[in-house]
Protein chains: 2
Amino acid sequence: MSSKPLTPETIREVALRFKVLAEPARLLVLNVLREGPLNVGELIEETGLNQANLSKHLQLLHAGGFVSRQRDGLYVVYELSEASVFALCDIMCGQLQRQATAHARRLRR
Amino acid sequence: MSSKPLTPETIREVALRFKVLAEPARLLVLNVLREGPLNVGELIEETGLNQANLSKHLQLLHAGGFVSRQRDGLYVVYELSEASVFALCDIMCGQLQRQATAHARRLRR
DNA sequence: CAATTATATTACTATATGGTTATATAGCGA
DNA sequence: TCGCTATATAACCATATAGTAATATAATTG
């Protein structure tokens, strides 16, 4: 379905969105948030990223609309706002798998 | 479905694949190839990219398994090998649209 | 208000990468 | 073999960005 015309402007925006996902640290954050909302301190524990670095990644994820944020007293709680990210990752993993098996098949010959 | 464990290694590989798509020039190439296979000269015309630059992008797309390549005499013909890229783009565009409408709604209030 | 805690931001460094020009390689025909 | 054309690669520069340490801001409590 869909397949909009893909103007240069749209292409640029889509590329920007892919860029947000093109970083292991950010994928890790999204993956951790899959279990449920977490505040920054909890995210530091779960991801092992340091505070400043994590904060920067969170700003990017938030700017891209991938997570939403809500202050709760001293804490800021982040939550997935785009479950569709995991559809994307699943497709990517599917590609990886197909290529891996294709590669294996190639070797087997 | 699926939702494999997402090891750090998998996360890194998925990020790498997203990185290939995180570039307007490469999305443009893929979009042009959607119409059918083209050789490099034709891709230069269609995309407006210069020869060396396009060639580098093509190497990345090929390394990522997004396109396949076949020599035909003097020419090298590139072809989409992963139609699933457009499922990805469609999801991204869907996100863009949802965010745009959400933004519009927010303004309207 | 002062002290404390949680988060965001700034400033900086190091690295990666896109674009360009020049050069190299590959395949074709004479 | 020698040109000629198509494509790939190398070398370079400029820019973007991830990581880090230090600092700033925000909210809470006393």
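By convention in this document, chain letters (A, B, ...) are assigned in the order of the sequence lines, proteins followed by strands, and residues within each chain are numbered from 1.
For residues 71-88 of chain B, the pairs satisfying salt bridge (Lys or Arg N to Asp or Glu O under 4.0 Å) are A/Arg98-B/Glu82, with sequence neighbours left out. Within the structure, salt bridge (Lys or Arg N to Asp or Glu O under 4.0 Å) contacts touching residues 11-21 of chain A (residues at least two apart or in different chains) are A/Glu9-A/Arg12.
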Using atom names, set out every protein N or O paired with an N or O of nucleotides 17-19 of chain C below 3.5 Å, distance rounded to 0.1 Å.
residue : atom : partner : partner atom : Å
C/dG18  : OP1  : B/Arg26 : NH2          : 3.1
C/dG19  : OP2  : B/Asn53 : OD1          : 3.1
C/dG19  : OP2  : B/Asn53 : ND2          : 3.1
C/dG19  : OP2  : B/His57 : NE2          : 2.6
C/dG19  : O5'  : B/Asn53 : ND2          : 3.4
C/dG19  : N7   : B/Lys56 : NZ           : 2.9
C/dG19  : O6   : B/Lys56 : NZ           : 2.9

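Across the protein-nucleic acid pair, B/Leu54 atom CG and C/dT20 atom P stand 12 Å apart, rounded to whole Å. C/dA6 atom P lies 11 Å from atom CD of A/Glu42, rounded to whole Å. Summarising the geometry, the separation between CD on A/Gln70 and C1' on C/dT7 is reported as 16 Å, rounded to the nearest angstrom. A/Asn39 places its CG atom 10 Å from the C1' atom of C/dT7, with the value rounded to the nearest Å.
Taking the side-chain hydrogen bond (donor to acceptor under 3.5 Å, both in side chains) definition, one finds that B/Arg26 meets it with B/His57, sequence neighbours left out. In this structure, the side chain to side chain contact (heavy atoms under 4.5 Å, CB included) partners of A/Gln59, at least two apart in sequence or on a different chain, are A/Ser55, A/Arg69, A/Tyr78. Residues that satisfy the side chain to side chain contact (heavy atoms under 4.5 Å, CB included) test with A/Leu16, not counting sequence neighbours, are absent from this structure. Residues satisfying the side chain to side chain contact (heavy atoms under 4.5 Å, CB included) criterion with A/Leu28, sequence neighbours excluded, are A/Val32, A/Thr47, B/Ile11. In terms of the side chain to side chain contact (heavy atoms under 4.5 Å, CB included) criterion, residue partners of A/Glu42 (sequence neighbours excluded) are, by chain and number, A/Leu38, A/Asn39.
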Heavy-atom contacts, protein to nucleotides 23-30 of chain C, under 4.0 Å, summarised as B (base), S (sugar-phosphate only) or - (none) per nt, yield ---BBS--
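Along DNA chain D, read 5' to 3', the first and last nucleotides having any atom under 4.0 Å from a heavy atom of chain B are D/dT5 to D/dT9.
No side-chain heavy atom of B/Phe66 sits less than 4.5 Å from a side-chain heavy atom of B/Leu60.
Listed for the A/Ser84 side chain is no donor-acceptor partner under 3.5 Å among the backbone atoms of B/Ile91.
A/Tyr75 belongs to a hydrophobic cluster with A/Leu74, counting contacts under 4.5 Å between side-chain heavy atoms of Ile, Leu, Val, Met, Phe, Trp and Tyr, direct or through other members.
Closest approach of B/Leu58 to B/Val67, counting heavy atoms only: O-CG2, 4.3 Å.
Contact annotation: A/Tyr78 side-chain N/O to C/dA6 OP1/OP2 distance is not under 4.0 Å.
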